[in-house]
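Read the structure below first, then the notes.
Remember, it's a predicted structure, so these values are computed and weren't measured experimentally. Just so we're on the same page: letters track the sequence lines, and every chain starts at 1.
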Amino acid sequence: MLQVTEIRENKDAFIQALTKRGIDAAEDLEAVIKADETRRSTQAELDETLSQSNKFSKEIGMLYKNGEVDKANAMKEKTVELKETSKKLQEQLNAAVEELEQLLHNLPNIPHESVPAGTDENDNEVVMEEGEVPKLGDEALPHWELAKKYDLIDFELGVKITGAGFPVFKGKGAKLQRALITYFLDKNTEAGYTEYQVPHVVNEASGFGTGQLPDKEGQMYHITGDNLYLIPTAEVPVTNLFRGDLLMHNELPITCTGYTPCFRREAGSYGAHVRGLNRLHQFDKVEIVRIEHPDNSYAALDGMVEHVKSILRDLKLPYRILRLCGGDLGFTSALTYDFEVFSTAQDRWLEISSVSNFETFQANRLKLRFKNSEGKNELVHTLNGSSLALPRVIAGIMENYQTPEGIKVPEVLVPYCGFDMIS
RNA sequence: GGAGGAAUGGCAGAGUGGUCGAAUGCGGCAGUCUUGAAAACUGUUGAGGGUCACACCUCCGGGGGUUCGAAUCCCUCUUCCUCCGCCA
């Protein structure tokens, strides 16, 4: 959520920045400023009224103390009108606040200055590319065929018990997935992240705090009976651990990692791109989350990018990093780097990580602040990234590591798997 | 599921109708001392709104009520704790 005081001061800069997302926010921002003015003037009027009635109350108290009951009773009558006025003003104020919040909730974050302008994924900027793309023969198979050949994943069984997009992992397929989760968590904790195990369902306040609600309501599974939501990413429960907190500056940064399944309705997805593991309703992911001092958040973002790189180097997967353009940038993000692994057999890039700095956007919704070194309260910066999302990593490994004899297991995973070949 | 108890500032914890936005301790900040740090000592320090700055307003789990006046009384919801029952 953007900060009103900043909009008030830099309206034009905000309008300018939002054009990068392909949004003309001039009208909305003007409405924000107007609603804010109404809010402030109503508040001032209400405060004045309340101030009056506070004064009367104190005087009445004094009169009673002095035994001047008649005078006190006379004064009581004066308060009646004030009460009615303040009630009316309070209602007006509530309406103004609600209108203002409505507007603010629907405005996306301001893109960082380095974010390229653009409308969709075609305008994303390739920052770097690394790793060797293996040369596979013509007989190379996509992962959904390999999964069948070696009996690693059963998509039909998932359909039977739940529906499309809920695969069942079996045997060495299941074990490979478990190995990856443990390996990722080890890698993250070695880098200093504290491991958390969190609930996989969250309440409405949590969904709002990280910005999934109300923006992405339709993408989440909603448990209507209890008004809870299945998490679309560990970002939601983990970041919300700190919702409403006022931290001390020396507590920063806070760094967390956690493994959770993720649930996404993916309404509107279709076609060959959703085949196999490419797009699922339930998938596993290991996430890293950082709560940072604003001065350090971009250095921290770079650090997270380096960290994810080192994992992909370990796994010896060819990958590239994209800087998302304004049009492809998530609602809450100021700057996002996507990591993609090249799948040789599919001849396409698969997104396996997304690393973002949300600056104060989430913190403002979460009311997550810290006391700075001057003793003043300030919003923190929040960041998160996948390290990593499992299914496409598995797809990438299966496809890139296939040989006529079977699928080789990346060296770093062998100790975690207990086998070095799937055949 | 049944019976009791509780929810106060970053944290712990006093406060039961009228200078209570709230004692005290810890923590934070500033300073003295020290080569530096620690310790000790001194000062300062709740949050949000508002203002150039004051003034002023709101906030003692959420919502509603009683009253001229509520952290304090009443209703309601939520959460936590203790005991009993059930149970992975």
Protein-nucleotide distance (A/L252, atom CG; B/G27, atom P), rounded to Å:
19 Å
At less than 3.5 Å, do the side-chain atoms of A/D47 and the base atoms of B/G49 form a donor-acceptor pair?
yes
What pairs with A/R21 under salt bridge (charged side-chain N to carboxylate O under 4.0 Å, His left out), at least two apart in sequence or on another chain?
none
For nucleotides B/G48 and B/A37, find the distance between their C1' atoms and express it as a whole number of Å.
38 Å
Heavy-atom count around A/E113 CD within 6.0 Å, excluding the residue itself: above 12?
no
Select base, sugar-phosphate, or nothing to describe what A/N377 touches, counting heavy atoms under 4.0 Å on all strands.
sugar-phosphate
Distance check, C1' atoms only: B/G28 and B/G10, in whole angstrom units.
8 Å
With C1' as the reference atom in both, quote the distance from B/U8 to B/A71 in angstrom, rounded to an integer.
7 Å
Could you check which nucleotide pairs with B/U79 in any of the strands shown, counting Watson-Crick or G-U wobble with both distances under 3.5 Å?
B/A6
Report the base-pairing partner of B/C33 (Watson-Crick or G-U wobble, both distances below 3.5 angstrom), or none.
none
Kindly confirm or rule out a cation-pi arrangement of A/R320 over A/F339, judged by NZ or CZ under 6.0 Å from the six-membered ring centre and within 45° of its axis?
no
Could A/K172 and A/F419 be counted as a cation-pi pair, given that NZ or CZ must be under 6.0 Å from the ring centre and within 45° of the axis?
yes
Watson-Crick or G-U wobble mate for B/C73, both contacts under 3.5 Å:
B/G65
Please list, for nucleotides 64-71 of chain B, all pairs of protein and nucleotide N/O atoms separated by less than 3.5 Å.
from  : atom 1 : to    : atom 2 : distance (Å)
B/C68 : O2'    : A/S57 : OG     : 3.0
B/G69 : OP1    : A/K83 : NZ     : 3.2
B/G69 : O4'    : A/S57 : OG     : 3.3

In whole Å, what separates the P atom of B/A23 from that of B/G31?
26 Å
Looking at B/C29, B/G50, B/C57, which one has an atom nearest to any side-chain atom of A/R8?
B/G50
Only pairs with both distances under 3.5 Å count, Watson-Crick or wobble alike; so what is the partner of B/U44 in this structure?
B/G28
Applying the 3.5 Å cut-off to both distances, the Watson-Crick or G-U partner of B/G1 turns out to be B/C84
Start with the C-alpha distance between A/D420 and A/K408, add both sets of side-chain angles, then the distance that settles salt bridge (Lys or Arg N to Asp or Glu O under 4.0 Å), and finish with yes or no.
CA-CA 6 Å; A/D420 59 7; A/K408 288 205 300 197; over 6 Å; no
C1' gap between B/G65 and B/C56, integer Å:
27 Å
